Amino acid sequence: MNKDQLTDLLHQMTLTEKIDQLVMLDNSFFQKDAAITGPQVKLGISEDVIRNIGSAYNVIGADKVRKLQDEHMKNSRLHIPLLFCGDVIYGLKTVMPIPLGYSCSWDPETIEKGMSIVADEASASGIHTVFSPMLDLSRDPRWGRVMEGLGEDPYLASQIAASEIKGLQGNLDSHHVASCIKHFAAYGAAEGGRDYNSVDMSERKLRQEYLKPYQSAVQAGAKMVMPSFNTINGIPSTANKWLLKKVLEEEWGFHGVKVSDYAAIQELVYHGYAEDAYDAAEKAIHCGVNFDMKTSVYANYLQKDVEDGRVKEEEIDEAVMQILNIKNELGLFEDPYRQASVKEETARQYTEESRRTVKKLADESVVLLENHDVLPLNKNQKIALIGPMADSKGTLGMWAFNTDASRNRTLREELTERVGQENVKYAWGCDFVDSMDALGDIGKFFHPEAPRNLIEEKQKALEAADASDVIVFTMGEHAMQSGEASSRTDLSLPSCQMSLLHEFKKMRKPVVVLIYSGRPLLLQEAADNSDALLQVYWPGSEGASAVADVLTGKINPSGKLTMSMPRSMGQIPVYYSQLKTGRPLQGSGHTGKFVSKYLDCPNSPLYCFGYGLSYTDFTISQLSLDNPYMNKTEPLHAVIHIKNIGNCKGDTIVQLYIHDEAGTIARPVKELIDFKSITLEAGEEKDITFGISEEKLRYYDANMDYITEPGKFMLYAGLNSEECIETEFTYQL
Ligand code: GLC
């Protein structure tokens with residue numbers, strides 16, 4: 001359709017039809033028998049509303065979508081097609097590592113490819129928009145949703161965010177989908193790491209750090225935005241005019257569609273920000289929130305708001321037109337199915353090429369934290385493979401609920417294939433959790449396995465270990481202990497796992513620990529009682545193959561942490577880009593005691609941002625600048641010399657950080673401004689050049705101007721955020 005036709009369509013709509021177009025309901029409303037008695041009644045909306053709604057989400061499957069689209073267009077007076085959305089965050093059928101995992105690849109190009117697979121598989125099944133990518137920066141591993149995000153750093157997350165949008169949207173042909181970035185904004189800074197909790201931070205910290213990845217995604221062309229559940233400085237994002245109108249629309253030029261999060265408009269009342277649903281409807285529409293997800297607030301109150309003069313019909317028209325625009329951009333008026341079909345699903349889902357892509361990402365997402373000369377395993381070692389993940393296909397994380405996990409292979413199968421049946425002794429050994437209560441209701445639902453005899457299982461594990469040369473032990477948390485509504489106050493490994501690890505330690509055999517988790521856990525005790533330690537997160541459909549390849553040396557691990565790993569709960573939040581304080585641990589004028597530190601724990605994390613080992617070794621021997629001065633028009637060039645001093649080929653990620661020595665606002669000790677991945681043969685050395693433009697130095701100064709102030713800057717180059725070589729330069733106006 002062209003603009004005039006869309007405008008004409010809008011003018012044909014009654015006010016009621018316009019308001020119904022702003023309603024988004026999930027799949028539970030479309031299972032005929034259930035809908036009438038179940039959610040529809042509960043929500044208090046009429047059949048008429050359902051007949052005219054604008055969007056449905058989590059209806060998965062081309063046949064279901066086509067049937068529902070046909071029915072909807074037949075029953076609605078103006079035959080406006082539904083927009084089908086879905087929670088496809090990191091994979092519908094072929095599943096990537098969780099985003100916190102794949103962010104450790106520092107590989108935007110392959111992530112883009114991975115997201116194009118997400119789009120291809122989702123669109124084949126009739127999904128038009130995915131509620132992805134999640135771009136919430138977080139430095140608090142108590143918050144379970146860190147698994148959906150890209151870690152703690154604004155620059156890295158912004159680079160990856162742009163690639164995720166490109167991968168999902170492409171040119172919006174029928175193999176791509178609209179993205180809906182979430183959760184806008186700063187949801188990852190929830191107080192206490194408790195999900196849905198309030199967020200309080202300065203506008204400067206918001207703009208300088210937390211808003212950056214969303215801004216990058218909008219600049220990359222994101223079509224939709226989902227405001228977050230939380231308040232920011234007392235105002236819920238869902239009705240935050242400063243955030244949704246001033247920043248998102250006026251400053252960033254976003255004029256796409258905003259989808260409330262699940263029942264978030266109604267929650268304005270719970271927040272105490274709206275008197276009632278009538279008030280909530282008004283507050284949300286004034287912020288241009290187009291879709292009311294899964295409540296009847298718009299459907300049942302907006303019309304009265306208009307009749308009472310609290311909302312102008314023009315506001316409704318604008319919200320509806322933005323929805324008609326995205327439907328038109330997606331070609332729904334010409335092809336309401338966007339070529340989705342069972343045939344397309346068969347052709348485009350679970351393909352070998354997709355598996356290869358997610359395998360590459362999984363290879364690059366494994367982070368080697370410790371290796372005391374035990375990895376890679378050698379061919380004729382007898383391996384005891386122990387633990388709840390060792391023979392499980394559930395390596396996918398909380399949001400991968402549309403795939404057939406039975407298609408995946410387990411680590412036991414993959415390892416056996418590589419080293420031979422005779423060299424692998426498997427035992428379950430222990431569970432993920434000390435008690436099922438840790439999983440809450442939904443977790444128990446996903447963990448239906450019959451209880452085992454834990455004493456017998458432990459004994460079998462000890463016998464397997466006793467009869468082997470090396471022990472590979474899968475530890476961590478259950479997949480349902482991270483993700484939404486999964487905040488935790490104690491990130492220690494469960495005692496059932498630790499007691500087994502201590503038994504293994506007594507055997508004086510090499511112990512390799514694999515950590516499966518959706519977040520950083522407390523790994524000090526596991527590190528102290530093992531000889532190699534790998535963080536694998538939830539590595540996706542090809543995770544078992546990737547882990548087996550890393551263990552046997554076919555893949556040399558190159559992953560680098562994107563979220564600091566704390567030594568203790570008391571350190572949280574711990575992240576690399578903190579301010580120096582007036583009493584820094586090193587270099588302050590005060591005696592040892594009176595500096596910014598803890599009495600009972602070092603300041604540094606156990607493993608820092610950017611950290612990850614390899615089976616080889618690299619050194620960065622020099623960092624030189626082509627000029628000690630720079631200005632707005634003349635960028636600097638930094639040359640770094642790196643050498644592979646180990647005995648095998650390897651990949652690593654060279655990281656470049658700055659510190660602004662003095663500003664009108666105190667500046668972090670380091671800020672990532674660039675990174676490059678490099679592959680070197682054993683003994684090979686190379687120079688890498690980075691361009692440093694003035695834009696990379698900018699920050700929000702005391703007047704909230706986004707500028708670069710004159711003065712001295714430190715420049716750091718390293719293979720993680722702690723061990724760097726440094727030089728300095730001066731920025732001149
Ligand atoms: C959930 C999540 C959001 C998701 C939405 C729809 O509560 O916050 O990430 O896309 O509801 O399921």
Side-chain angles (χ1 to χ4, degrees), residues 22-30 39 43 53-60 82-92 98-100 115 118-119 122 127-138 143-150 161 164 168 177-190 193-199 213-214 217 222-232 236-238 256-268 270-271 284 289-295 297 397-402 440-442 480 482-487 518-519:
L22 307 181
V23 177
M24 177 188 282
L25 297 175
D26 74 345
N27 53 330
S28 64
F29 284 81
F30 306 104
L43 217 51
I53 65 167
S55 175
Y57 73 96
N58 289 348
V59 177
I60 307 291
L82 277 169
L83 178 72
F84 284 93
C85 304
D87 275 310
V88 189
I89 325 296
Y90 50 91
L92 183 78
I98 58 171
L100 184 62
M115 289 307 238
V118 171
I127 293 170
H128 307 144
T129 295
V130 292
F131 296 139
S132 181
M134 187 273 216
L135 300 174
D136 306 328
L137 218 57
S138 182
W143 189 54
R145 301 198 79 165
V146 296
M147 60 88 77
E148 303 167 45
L150 302 170
E164 290 173 318
L168 288 172
V177 293
S179 64
C180 178
I181 62 175
K182 67 187 186 182
H183 306 79
F184 191 59
Y187 182 21
R194 179 158 53 86
D195 208 352
Y196 315 120
N197 203 3
S198 49
V199 170
Y214 308 110
K223 293 295 176 189
M224 294 170 69
V225 171
M226 182 186 290
S228 55
F229 289 119
N230 55 284
T231 53
I232 298 179
S237 302
T238 308
V257 170
K258 302 181 200 76
V259 193
S260 84
D261 203 338
Y262 185 112
I265 294 179
Q266 189 164 57
E267 290 175 9
L268 296 177
Y270 293 97
H271 275 292
V289 178
N290 305 75
F291 280 120
D292 173 6
M293 182 194 288
K294 191 100 188 245
T295 83
V297 172
M398 175 206 174
W399 286 100
F401 45 71
N402 290 304
D441 300 341
I442 193 163
M480 297 313 294
S482 63
E484 186 171 358
S486 303
S487 296
R519 55 165 42 102

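Residue numbers run from 1 in the order of the sequence given. Indexing begins at 1, ligand by ligand and atom by atom, following the structure's order. Predicted model, so just to flag it, every value in this text is computed and none were measured. Keep in mind that the numbers below use all heavy atoms, side chains included, and drop hydrogens, waters and symmetry copies.
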Closest to atom 9 (O) of ligand 1 among protein heavy atoms sits His183 NE2, 2.7 Å
When every non-hydrogen atom of Leu135 is compared with those of Glu164, the smallest separation belongs to CD2-OE1, 3.5 Å
Has Met134 got any heavy atom lying under 4.0 angstrom from an atom of ligand 1? no
Which is closest to atom 4 (C) of ligand 1 by heavy-atom distance: Val259, Val88, Asp87? Asp87
Quick note on ligand 1: atoms under 4.0 Å from a heavy atom of Phe229 include exactly 7 (O), 8 (O)
Note: ligand 1 atoms sitting under 4.0 Å from heavy atoms of Tyr262 are 7 (O), 11 (O)
Could you see which bit of Arg145 sits under 4.0 Å from ligand 1, with heavy atoms only: side chain, backbone, both or neither? side chain
Has Thr238 got a side-chain atom pairing as donor or acceptor with Pro227's backbone, closer than 3.5 angstrom? no
Mutual orientation of the aromatic rings belonging to Tyr196 and Tyr187 [parallel < 30°, tilted 30-60°, perpendicular > 60°]: parallel
Would you please classify the geometry between the Phe131 ring and the Tyr57 ring as parallel, tilted or perpendicular, with 30° and 60° separating the classes? perpendicular
Residues in salt bridge (Lys or Arg N to Asp or Glu O under 4.0 Å) with Asp87, at least two apart? Lys182
Under 3.5 Å between some N or O of ligand 1 and some N or O of [X]?
X: Asp261; answer: yes
X: Glu148; answer: no
X: Lys182; answer: yes

Can you tell me if Asp136 and Ser138 form a side-chain donor-acceptor pair at under 3.5 Å? no
With Tyr262, which of Glu484, Lys294, Glu267 fulfils side chain to side chain donor-acceptor pair (under 3.5 Å)? Lys294
